[in-house]
Structures are given as C-alpha cells and as structure tokens.
Colleague: 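Dropping a structure here in structure tokens format, bear with me for questions.
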Amino acid sequence: MLMASLTSPMLAAQAETLTVEGNRRVDVATVQSYFHADANGRYDNAALDAGLKALVATGLFEDVKISRADGRIVIRLAEAKVLDRVAFEGNKKVKDADLTSAVLSKPGAGLQRATVQGDVARILQAYHRVGRDDVRVVPEIIDRGNDRVDLIFTITEGKKTPVRAISFVGNNAYGARQLRAVMKTSVSTVLSFVTGGDAYDADRVNEDRELLRQYYRNHGYADAEVTNVSVDFDRASNGFNLSFTIDEGALYKFGTIDISCNVQGLACEHLRPLLLTQQGAVFDQGKLDKTAEALTAELGKLGLPFTQVEPRINRNPRGGIADVSFQIEPGQRIYVERIEIHGNKTTRDDVIRRELDFGEGDAYNRTLVDRAERRLRNLNYFKTVKITTSPGSARDRVVLDVETVDQPTGDFNVSGGYSSTDGLLAEVKIGDRNVLGTGNTAQATFTYGQFARGANLSFTSPYALGRTTPGVELFARQNMVSNFQSFGSSSYGGALTLGMPVSEQTAMLWRYSLYDQKVVLAPGLSPAQVSVPVRQAVTAGRQTVSQIGNTVTYSTLDNNKLPTSGIRSQLSQDLAGLGGDVRFLRTTADVRYYRSINSDLTAMVRGQGGYITGWGGQQAPLLNSFFGGPTMVRGFAPGGFGPRDLTPGSTMDNVGGSFYWATTAELQSNIPGLPQEYGLRASAFVDAGTVFGYRGPTQNVQVANKNVLRSSVGVGMTWASPFGPLTVDYAVPISKAAYDVVQPLRFSAGGF
C-alpha cells in the first residue's frame with residue numbers, strides 16, 4: 001500500500017531544498033526531477049502533491065512520504081522490489097503468451113501489489129472469454145534476494161462453463177431453430193467436444209446479437225433490433241442460459257429506388273446501373289450496403305474519393321413499403337494518417353492490409369472501412385475483428401485502429417466410412433488455411449478404399465498476383481473394378497489454377513490441367529469379353545490429357561454450408577487438345593435455388609446439364625464422357641443409366657454419353673424433437689434426368705442410345721457427423737429403361 005503525508009508549516013522566505021532518503025537504485029536527481037519549484041525556488045502544496053503522484057505512477061516505489069523540516073523538504077522512499085520473472089502455472093486452456101499480454105506486471109518493472117490484484121482479475125477475464133468461469137488464481141511472490149522477486153500466478157482451471165440453453169423472445173417470423181443456425185454460439189451437446197461453440201463467451205454472444213440483427217434486416221425486417229440479451233447462470237446444470245429479446249418490426253418490400261446527387265458536375269443517371277435493389281423485392285439491408293460500396297468505389301474512380309454515399313430509408317410500416325434514396329454528398333476532406341494493427345499474433349500485417357482498399361495518406365471513407373472489416377471477418381482467420389478511429393495529428397487526419405484476435409486455422413481429420421459406390425474407405429486430411437500467418441492455404445488428402453484410392457496435394461496463395469489467387473494441385477487417383485462396371489481407371493497429374501473475383505457475388509477460376517489416364521480391366525478378364533467401346537479404350541493405352549478451362553460461379557446463398565435462401569450457379573468449360581493425345585470440348589452447368597418456407601423447412605430446386613464433343617477428327621474419350629448415376633437421379637446405381645452396350649456375350653457396360661440433363665425438387669427439414677446442433681436433416685425429393693448421345697464405335701456393337709427419361713421419388717437423411725458427412729437415401733425409380741441398373745438404397749459415411 002502506497003502511503004504519503006504532507007505537512008505544510010509556513011513557507012520560509014528563502015529557497016527550499018529537496019532531500020531524498022531511502023533510495024538505492026533510483027538516483028537523487030531522478031527523484032528531484034518530478035518536483036517543480038516556483039520562481040522563488042519554493043514548493044507549494046500543489047507542486048508537492050503533483051510530484052508525489054508522479055513518483056507513485058512510476059511503479060518504482062512501495063511507499064512515498066513527504067515532509068518539511070527546518071526549511072528542507074524530505075522525500076522518504078521505500079523502493080518497490082524488482083520483478084525478475086512473471087510466470088504462470090497450471091494453465092492448459094489459455095497459453096502463456098495470451099496471459100502474458102493480458103497482465104500488466106512485467107519482468108524488470110517494480111512489484112505493485114495493487115497491480116497484481118488487477119492482474120488476477122485480468123487472468124479471470126481471459127478465461128471467461130474461452131468459456132471457463134470455474135477458475136481460481138493465486139498470486140505468489142518469491143523473494144530472490146537483493147530486492148528482486150519472482151511473481152507466480154498459480155491457476156486452477158476447473159471445468160468449462162457451457163451454454164445449456166438458448167431461447168428467444170419476440171420472434172414470430174422465424175423459429176428458434178432457424179435463429180440458432182445464424183449464431184456462432186451453440187447449446188452444449190454430447191458432440192460439442194468436436195463441434196465447439198458451446199462455451200460461454202461474452203464477445204461471441206455480442207457478435208451473435210449483431211448476426212441476428214443482420215439476419216432480420218437482410219430478410220425484410222428493416223426495423224429489427226435485438227433489444228436485450230439475458231445471461232443467467234444455472235448452478236444446478238453448471239451452465240449459462242441465454243435469452244435474446246427481439247423486436248422484429250414490420251416486414252417491408254422495396255418501394256421506389258432513387259439516387260440523389262448533390263455533387264457539382266456529377267450525373268446520377270450514369271450510376272443507376274450499379275443499383276442492386278429492385279422495386280417490389282423484399283427489403284435487404286445487405287444489398288443496400290453493397291450498393292453503397294459499389295457507388296463509393298465508382299466515385300473513387302471518377303476522382304471523388306471524399307464523396308459520401310448514404311442510403312436513406314423512408315419507411316411506411318402500415319403499407320410495408322420502404323422507399324430508398326441513395327444520397328451522394330460531398331464529404332469532409334479527411335485523410336488516413338496511420339493504420340495501426342494489433343492483436344494478430346499469427347497473421348502477418350500485410351495479410352490484413354491487403355483486405356483494405358486504402359492506405360496511409362488515402363482519403364478516409366467510412367463505407368470502405370466497413371467493407372474492410374467485413375472482408376477480414378469473412379477470411380475466417382480471426383475470432384474477432386474491430387476497426388475504430390481516433391483523431392490524428394491534425395483536424396483532417398484520422399488514425400485507424402485494426403484490432404484482431406487470431407483463431408486456429410489448421411485442420412487435421414482422420415475419417416473412415418463406407419459407401420455403396422466406393423466400398424470401405426479411409427481418409428486422412430491435413431491442412432491449414434492460413435499457413436504461418438501468410439494467408440496461403442495448403443492441404444493434403446490421402447484416401448484408401450475398397451474400390452477407390454488416391455492422394456491430392458494443393459496449395460493456393462491469395463493476392464499473390466494482385467487480387468487474383470494462383471494455386472497448384474497434384475493428384476493421383478485409382479478406381480478399381482466394382483460390381484457396377486467391368487473396367488477401372490487410373491489417372492495422375494496436376495493443375496495450375498488462377499482464381500479472381502469479378503464482384504462480391506461472382507468469381508472466376510481459370511485452370512490448366514495435365515494428366516495421364518488409362519482404362520484397366522479386371523484381372524483375368526479377356527478383352528474379347530468386354531464391350532467394344534471399353535476394348536477400344538483399353539487398346540488406346542495410357543493417354544495424356546492437356547486441357548485449359550474455366551469456371552464461373554455466382555452465389556447469393558445466405559450460408560454456404562447450410563443454405564436456406566439464395567441462388568448458386570456454376571458454369572464450367574474445358575478444352576483438351578493443347579498438346580496431349582486427346583481432343584475434346586466439355587461444358588457443364590449446375591444451378592441451385594433455395595427458399596425458406598418456415599423456420600424448419602427449406603425448398604431446393606436444382607437443374608444441371610452438360611455436353612462433350614470431340615474435335616479435330618477425334619471422339620471424346622470414354623473416361624471423359626457422362627455416366628448416369630445417383631449424382632443425377634437417385635435410385636440408380638453408379639453408371640446405372642445412359643447408353644449401354646447390349647451386345648450378347650459382352651459385359652454390357654455403360655459406355656457413356658455426350659449429353660446429360662437432370663433436375664431435382666427437394667424439401668429439407670430439421671428432425672422434430674432433436675436439437676439443431678446434432679446436425680441431422682431429413683429430405684424428400686423428386687429427381688429426373690437422362691444421359692444420351694453415344695458417339696463411340698458402332699460396328700459389331702448394339703448400343704441402346706435412346707433419350708429415355710429416368711425419374712425417381714425418395715426420402716433421405718443427412719448427419720453432419722464429427723467424422724464426416726453421413727447420408728442415407730432411399731429412392732424408387734418411377735420411369736426407366738429396361739436395361740438400367742437400379743440401387744434404391746444409397747449409403748455413404750466418412751470424409752467424401
């Protein structure tokens with residue numbers, strides 16, 4: 001405890017002297033420098049009090065006393081002992097480095113007992129952030145002699161404090177299941193040791209509050225607010241119960257959409273094509289924000305970086321209409337003086353800076369700052385991201401503070417399973433999406449199964465070439481002969497990729513692939529026994545495929561893993577023949593549309609199709625053709641439909657087609673009575689499609705090549721298990737060809 005006393009007899013007329021007593025490490029001049037006399041060399045009470053407080057603030061002294069005697073001012077000191085070492089014992093769930101950054105007691109500084117008590121509270125807070133409230137911290141001071149000590153914090157961690165229940169008040173539009181799917185916090189279950197997210201974390205709960213608000217505002221509820229979050233500790237269950245109070249407000253649709261320009265020389269009509277909102281559509285705050293960002297970026301290109309874009313909303317709750325006017329105003333000329341980044345112990349500063357569309361000296365624009373914060377969150381490198389501003393060295397300068405907290409980005413997964421297609425299968429996957437904090441992604445996958453084996457190595461480096469992402473992939477695959485086909489295949493090679501964003505919702509991937517492929521027969525099977533097209537492929541031997549291709553992806557999905565609304569479309573093309581042994585052009589397309597019916601039910605409609613053709617006098621290789629199976633129409637075996645060789649005495653294999661199309665209508669639902677955290681979903685579906693257009697040899701071969709519609713109805717169940725997805729489908733074909741091979745029950749488990 002620091003103590004100080006001031007006595008103030010009548011000041012002497014002559015100058016006063018300062019006498020320092022008790023100091024051993026701190027020299028007299030240093031102590032005297034904290035006290036400032038007036039013009040006559042005297043020290044009044046205010047000067048002595050200010051000097052005393054300054055000495056106390058140094059942390060070098062345990063006790064400071066000041067008194068006057070015989071015209072002298074005596075400063076009696078008791079120096080604080082010096083910390084040799086600050087250590088932590090018993091901590092397993094929070095690393096030493098994290099605790100060291102949390103406490104204020106540092107080696108080389110003075111021992112301050114008040115600071116030590118504050119450090120105990122700071123350590124407890126660090127544990128609260130990882131969901132542990134049952135923690136005890138005992139500080140121990142060990143004397144090392146010569147006024148030097150060690151400070152040891154002994155920590156008893158106890159058990160983690162989980163979230164036992166999450167409830168909602170005021171939610172009428174969406175059920176509890178759907179809202180819990182939006183959040184990062186989850187209820188503790190028997191699988192939480194793998195899935196995580198069940199430990200109480202105040203920061204995560206605050207983030208969930210914002211996620212819920214955004215979810216409502218992106219789905220029509222422009223006035224929605226999460227007005228309160230109640231956190232109650234239940235001693236009986238030793239866990240927290242969370243309750244979110246929601247004020248939904250009215251459901252809105254967009255009314256008139258307008259742009260108002262108050263910037264001299266700027267024509268608003270030229271900006272209208274950038275509007276992402278449409279009259280009559282359901283209100284979507286996300287589209288307003290993205291429109292504001294697009295307008296801001298365009299204005300920057302036009303030489304107006306300080307211009308501010310603000311979407312002003314005129315709401316009519318009774319009519320459920322929200323008119324929007326994007327106001328473009330000349331903004332105050334403010335520049336970014338400095339960008340300070342901290343909290344990122346793993347991720348490098350340059351990885352964070354490349355997500356910013358501005359740098360030191362550039363114009364400050366709040367819209368671009370918000371976009372940068374969202375981009376950093378979407379990287380999934382950080383637990384939390386927050387960008388704040390503070391005044392700079394001048395009125396037209398600001399300092400941006402980028403605060404991040406790293407989270408683990410490595411993945412290691414060992415899984416095994418069984419599929420009706422690939423048989424027994426084991427898979428090992430290891431990777432990191434932020435290798436050594438560089439933002440690069442590396443992954444290695446090894447599979448060994450009854451009918452399929454392979455290895456895949458991949459590496460991508462975002463922004464290595466501006467805003468494009470180059471990558472490289474090496475692979476080796478082997479498909480064995482199975483009950484569904486008399487031939488197998490092997491391929492090995494690599495690919496170079498180059499991904500680039502076109503917009504917030506559209507991305508393009510270019511690739512060049514070079515690989516060898518070969519058709520192999522079952523051991524002991526004579527080539528004369530197999531179908532002519534298969535025999536021809538075996539005779540061709542190993543073929544080198546050199547191809548270039550690209551894929552364009554457009555997505556508005558609300559959740560990539562478990563979508564409930566939005567569209568995802570993909571168009572891919574590959575051209576083989578830039579060298580190599582084969583020449584073909586292959587095009588495929590896949591479109592999926594999701595729409596939420598209620599909090600538990602989602603509708604999905606899917607359409608897919610493809611075409612392949614040879615060129616330069618060649619036909620498309622057998623292995624690159626299309627084979628109808630359960631990925632197109634469930635209820636059929638792999639290679640179960642499409643052109644088939646029906647020549648008597650042959651193996652009657654599926655010999656592939658050059659066209660295919662398929663469509664699906666599906667209802668997906670949570671399992672009533674089961675917590676959503678279990679990851680179980682049921683589905684009912686109708687599939688239809690076909691494969692046709694055989695282009696292979698026709699002499700001495702009887703190929704059934706009619707454009708026959710295949711369709712099925714069925715039900716399924718999917719479990720997002722800790723060991724990989726598990727799917728069971730049961731489908732009954734309702735239209736098929738007589739020669740098709742059906743497989744009503746389809747089962748797969750593990751990491752494929």
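These numbers were taken from a predicted model, which means no experiment stands behind them.
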Colleague: Just checking Lys386: does its NZ atom have more than 12 heavy atoms from other residues, nucleotides or ligands closer to it than 6.0 angstrom?
Modeller: no
Colleague: Could you tell me which non-hydrogen atom of Val187 sits nearest to which non-hydrogen atom of Arg164, and how far apart they are?
Modeller: CG1-O, 3.1 Å
Colleague: Identify the heavy atoms of Asn365 and Pro305 that sit nearest to each other, and give their distance.
Modeller: ND2-O, 3.7 Å
Colleague: Distance only, no hydrogens: is a donor on one side chain within 3.5 Å (strictly under) of an acceptor on the other, for Asp401 and Ser390?
Modeller: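 Result is no, nothing qualifies.
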Colleague: State which residue, out of Thr441, Asp432, Asn434, fulfils the side chain to side chain donor-acceptor pair (under 3.5 Å) condition with Thr409.
Modeller: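 Answer after filtering Thr441, Asp432, Asn434: Asp432.
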Colleague: Give every residue pair that meets the ring-ring contact (aromatic ring centres under 6.0 Å, His included) criterion with at least one member in residues 334-374, sequence neighbours excluded.
Modeller: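 For residues 334-374, and leaving out neighbouring residues, the ring-ring contact (aromatic ring centres under 6.0 Å, His included) pairs sorted by first residue read Phe306-Tyr335.
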Colleague: Closer than 3.5 angstrom, by distance alone: can the side chain of Glu355 be matched with the main-chain N or O of Leu376 as a donor-acceptor pair?
Modeller: no
Colleague: Looking at Glu157 and Val135, what are the two nearest heavy atoms and their distance?
Modeller: O-CG2, 3.3 Å
Colleague: For residues Arg375 and Asp357, report the shortest heavy-atom separation together with the two atoms involved.
Modeller: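 That closest heavy-atom pairing would be NH1-OD1, 3.0 Å.
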Colleague: Quick check against the 3.5 Å criterion: does Lys106 have a side-chain atom that pairs as donor or acceptor with the backbone of Thr100?
Modeller: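 Yes, the answer is positive, given that a donor and an acceptor are paired below the 3.5 Å cut-off.
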Colleague: Please name the pair of heavy atoms, one in Thr115 and one in Ser105, separated by the smallest distance, quoted to 0.1 Å.
Modeller: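 So the two residues come closest at CG2-OG, 3.7 Å.
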Colleague: Where the side chain of Tyr43 meets the backbone of Glu16, is there a donor-acceptor pair that is under 3.5 Å apart?
Modeller: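 The answer is no, because no donor-acceptor pair under 3.5 Å joins these two groups.
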Colleague: Would you say the side chains of Thr347 and Asp406 form a donor-acceptor pair under 3.5 Å?
Modeller: yes
Colleague: Is it the case that the side chains of Arg76 and Ser67 hold a donor-acceptor pair, with the cut-off being a distance below 3.5 Å and no angle test?
Modeller: yes
Colleague: Just wondering, are more than 12 heavy atoms of other shown residues or ligands nearer than 6.0 Å to CG in Leu436?
Modeller: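 No, CG of Leu436 has 12 or fewer neighbouring heavy atoms, counting only those of other groups under 6.0 Å.
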Colleague: Check Asp370 with Arg366, please: is the shortest side-chain N to carboxylate O separation under 4.0 Å?
Modeller: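 Yes, Arg366 and Asp370 are salt-bridged.
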Colleague: Please enumerate all residues that pass salt bridge (Lys or Arg N to Asp or Glu O under 4.0 Å) together with Arg397, with sequence neighbours excluded.
Modeller: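 Once residues adjacent in sequence are excluded, Arg397 has no partner under the salt bridge (Lys or Arg N to Asp or Glu O under 4.0 Å) criterion.
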Colleague: When you measure from the side chain of Asp234 to the backbone of Gly239, do you find a donor-acceptor pair of N or O atoms at a distance under 3.5 Å?
Modeller: no
Colleague: For residues Glu248 and Tyr174, is any side-chain donor paired with an opposing acceptor at under 3.5 Å?
Modeller: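 There is no such pair (donor and acceptor under 3.5 Å, judged by atom type) between the side chains of Glu248 and Tyr174.
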Colleague: Which pairs count as ring-ring contact (aromatic ring centres under 6.0 Å, His included) when at least one residue sits in residues 149-170, sequence neighbours excluded?
Modeller: Phe88-Phe153, Phe168-Phe244
Colleague: Salt-bridge test for Lys184 and Glu207: reply yes if a basic N is under 4.0 Å from a carboxylate O, no otherwise.
Modeller: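 A salt bridge is present here (some side-chain N lies under 4.0 Å from a carboxylate O).
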Colleague: Using the side-chain contact (heavy atoms from CB on, under 4.5 Å) criterion, which residues pair with Asp38? Sequence neighbours excluded.
Modeller: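 Only Asn40, Arg42 meet the side-chain contact (heavy atoms from CB on, under 4.5 Å) criterion with Asp38.
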Colleague: Would a 4.5 Å heavy-atom cut-off, applied to side chains only, mark Gln32 and Ile75 as touching?
Modeller: no
Colleague: Between Arg122 and Asp119, does any side-chain N to carboxylate O distance fall below 4.0 Å?
Modeller: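 Here Arg122 pairs with Asp119 in a salt bridge, since their nearest N and O are under 4.0 Å apart.
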Colleague: Would you say Asp143's side chain and Gly145's backbone share a donor-acceptor pair under 3.5 angstrom?
Modeller: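 Looks like yes, one N/O pair under 3.5 Å.
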Colleague: Taking salt bridge (Lys or Arg N to Asp or Glu O under 4.0 Å) as the definition, give me every residue that meets it alongside Arg85, ordered by chain and number, with sequence neighbours left out.
Modeller: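 Once residues adjacent in sequence are excluded, the partners of Arg85 under the salt bridge (Lys or Arg N to Asp or Glu O under 4.0 Å) criterion are Asp150.
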Colleague: Taking Arg144 for the side chain and Asp84 for the main chain, is one N or O donor matched with an acceptor at less than 3.5 Å?
Modeller: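 Checking the backbone N and O of Asp84 against the side chain of Arg144, no donor-acceptor pair under 3.5 Å is found.
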Colleague: How would you list, by chain and number, every residue that makes a side-chain hydrogen bond (donor to acceptor under 3.5 Å, both in side chains) with Glu210, sequence neighbours excluded?
Modeller: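 Counting only residues at least two positions away or on another chain, Glu210 forms a side-chain hydrogen bond (donor to acceptor under 3.5 Å, both in side chains) with Arg213, Gln214.
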Colleague: Among side-chain atoms of Asp396 and Gln332, is any donor-acceptor pair under 3.5 angstrom?
Modeller: no
